[in-house]
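Structure record follows, encoded as C-alpha cells.
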Amino acid sequence: MARWKLIGRPTRIVAAAATALLALLYVTQRSMIYFPGSSVPDAPLPVGTEVLELLTDDGLRLGAWFLPATDGPPGPAPAVLIFNGNAGDRSHRLPLAASLTERGYGVLLFDYRGYAGNPGSPSEDGLRADARAAAAALAARPDVDRERIVYFGESLGAAVAGGLASERPPAALVLRSPPSSIADVGRHHYPYLPILDQLLMDRYPLADQIRLVRSPLLVLVTEADEIVPEALSRRVFDAASEPKRYVRLSAEHHNDPALLTGDELLAEVGAFLDQWVGRP
C-alpha cells in the first residue's frame with residue numbers, strides 16, 4: 001500500500017502542475033497574441049491627411065487617418081484599407097501608405113480596439129467588428145471608388161482582412177505573412193501542448209475562410225519567417241481560388257522592414273494592383 005502511495009504522489013504532483021500551467025495559458029493567452037501599445041500615435045502626417053474616428057457596431061470609437069491619393073485623375077479614386085499586425089500602431093504604416101498614395105490610391109490607416117489609446121480590449125470578435133467599421137467608413141467616402149477597394153493585411157491583420165473579405169469582398173486582397181490559423185501557429189511554437197485547440201478563445205481560421213473569397217489574391221512571404229512559418233502561409237494560398245499569386249521576398253525575419261516598405265514588396269504590390277484594380 002505504501003508503494004502505491006509513493007507512486008501516486010509524484011503523479012498527482014505532475015498532474016497538478018500541468019493543470020496549473022494550462023490554466024495559466026488559458027487566462028493569459030490573449031497577452032501572447034495581442035501586443036497593444038497604449039500611447040496615441042504622434043507622427044508628422046502628410047499634407048492632406050484627414051484625422052478620423054471610426055464608430056464600431058458596439059459603440060467604440062477608433063482612431064484613424066485617411067491619406068488621399070496624390071496622383072491620378074479627378075473623381076473617386078481606388079483605395080487601400082490596411083490591417084495592422086498584432087503590434088505597433090498606424091504610424092508605423094505611414095511609409096507604406098505614402099507609397100500607395102503616390103500610385104494614385106487613397107489609404108485608410110486605423111488601429112484596433114485596445115491599441116494606440118483606443119477603448120476596449122482586443123479579441124477576434126472585436127477586431128472583426130473594427131474591420132467592418134473601417135471598411136464601411138472607407139466605402140462611404142465620396143472621394144473613394146467603392147468598387148475598387150483593396151484590403152492589405154499583415155500577419156494577424158492578414159487573418160482579419162481575409163475574414164472580412166469572406167463577408168465583404170474587396171476588389172483585390174493582399175496578405176503578407178498570413179497565418180493559416182492561430183491554432184496552427186500555436187502548435188508550431190508549443191508542440192508540447194496537444195490540447196491547445198481546446199484552450200483557444202480566438203482562432204482566426206483564415207485557411208478555411210479564404211475558400212469563400214473570389215477576389216484576386218497576392219500572398220507575400222519570406223522563407224526566414226520565425227513567427228508565421230512559410231508553410232502556414234502556403235496553406236492559405238493553396239486553399240484560395242484563382243486568380244492568385246505567391247511571392248517569396250528576400251527578408252531576414254518576420255519584422256524585417258523589407259516586409260513593410262521594402263522596394264521588392266512595393267514593386268510586387270504595385271504590379272498586382274495595376275493588374276487587378278487598374279492604375280488610376
Side-chain angles (χ1 to χ4, degrees), residues 40-54 62-85 88-112 115-116 118 127 130-158 160-162 164-165 168-177 215-218 220 257-263 265-280:
V40 177
D42 182 18
L45 298 177
V47 174
T49 300
E50 186 176 341
V51 179
L52 307 172
E53 277 192 338
L54 309 177
L62 311 177
W65 295 327
F66 178 76
L67 286 71
T70 59
D71 190 18
V80 180
L81 176 55
I82 295 180
F83 298 84
N84 304 342
D89 59 57
R90 62 189 183 274
S91 67
H92 301 140
R93 282 78 187 180
L94 276 171
L96 172 62
S99 176
L100 292 169
T101 62
E102 292 170 1
R103 296 188 71 91
Y105 294 86
V107 178
L108 182 62
L109 299 175
F110 75 103
D111 283 299
Y112 308 120
Y115 283 75
N118 286 335
L127 266 61
D130 301 344
R132 288 192 290 270
L138 186 58
R141 295 185 62 90
D143 53 352
V144 166
D145 182 350
R146 62 185 303 162
E147 299 300 322
R148 293 198 291 165
I149 292 177
V150 178
Y151 300 163
F152 185 115
E154 57 177 50
S155 192
L156 181 70
V160 179
L164 180 64
R168 185 172 186 151
L173 180 62
V174 180
L175 303 180
R176 196 273 280 176
S177 305
S215 306
L217 171 67
L218 173 64
L220 302 165
L259 291 178
L260 185 61
T261 54
D263 291 341
L265 177 141
L266 294 176
E268 289 289 348
V269 171
F272 176 75
L273 297 184
D274 290 350
Q275 179 181 5
W276 295 107
V277 183
R279 189 171 178 84

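Count residues from 1 along the sequence. Model, not experiment: these values are computed from the prediction.
The side chain to side chain contact (heavy atoms under 4.5 Å, CB included) test with L108 is passed by exactly one of L81, I82, I149: L81. Checking V150, L100, T49 one by one against V107, the side chain to side chain contact (heavy atoms under 4.5 Å, CB included) holds for a single residue, L100. Just one residue in the list L62, D89, V40, D130 forms a side chain to side chain contact (heavy atoms under 4.5 Å, CB included) with D111, and that residue is D89.
Across every non-hydrogen atom of F83 and G157, the tightest pair is CB-O, 3.4 Å. Here the shortest heavy-atom pairing between Y105 and G278 reads OH-O, 3.3 Å. Contact detail for R90 and N84: the closest heavy-atom pair is N-ND2, 3.8 Å. Across all their heavy atoms, P78 and V277 have their closest contact at CB-CG1, 4.0 Å. Considering every non-hydrogen atom in both L45 and V51, the closest pair reads CD1-CG2, 4.1 Å. Contact detail for A171 and E147: the closest heavy-atom pair is CB-O, 3.6 Å.
No side-chain donor-acceptor contact under 3.5 Å links T101 to the backbone of T70. The closest donor-acceptor contact from the side chain of R176 to the backbone of L259 lies under 3.5 Å. Within the 3.5 Å criterion, the main-chain N or O of P170 finds a donor-acceptor partner in the side chain of S215.
One distance of note links CD of E268 with CG of D263; it measures 12.0 Å at 0.5 Å rounding. Distance check, rounded to the nearest 0.5 Å: OG of S99 to CG of L67 gives 12.0 Å. Between atom OG1 of residue T261 and atom CG of residue L94 there is a gap of 11.0 Å, rounded to the nearest 0.5 Å. To the nearest 0.5 Å, atom CG of residue L217 and atom OH of residue Y151 are 14.0 Å apart.
Residues that satisfy the side-chain contact (heavy atoms from CB on, under 4.5 Å) test with A271, not counting sequence neighbours, are absent from this structure. Residues forming a salt bridge (charged side-chain N to carboxylate O under 4.0 Å, His left out) with R141 (at least two apart in sequence, or on another chain): E50, D143. Shown here are the side-chain contact (heavy atoms from CB on, under 4.5 Å) partners of A137, two or more places apart in sequence or in another chain: L54.
Classified by interplanar angle (parallel below 30°, tilted 30° to 60°, perpendicular above 60°), the ring pair Y112/Y115 is perpendicular.
Side-chain contact between V269 and F152 is present, with heavy atoms from C-beta onward closer than 4.5 Å.
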Stepwise side-chain contact (heavy atoms from CB on, under 4.5 Å) test for R103 and D71: CA-CA 6 Å; R103 296 188 71 91; D71 190 18; over 6 Å; no
Test log, rule side-chain contact (heavy atoms from CB on, under 4.5 Å), inputs V80 and L96: CA-CA 11 Å; V80 180; L96 172 62; over 6 Å; no
Pair F110-W65, side-chain contact (heavy atoms from CB on, under 4.5 Å): steps then yes or no: CA-CA 6 Å; F110 75 103; W65 295 327; over 6 Å; no
V174 vs L220, side-chain contact (heavy atoms from CB on, under 4.5 Å): CA-CA, chis, key distance, verdict: CA-CA 8 Å; V174 180; L220 302 165; 4.0 Å; yes
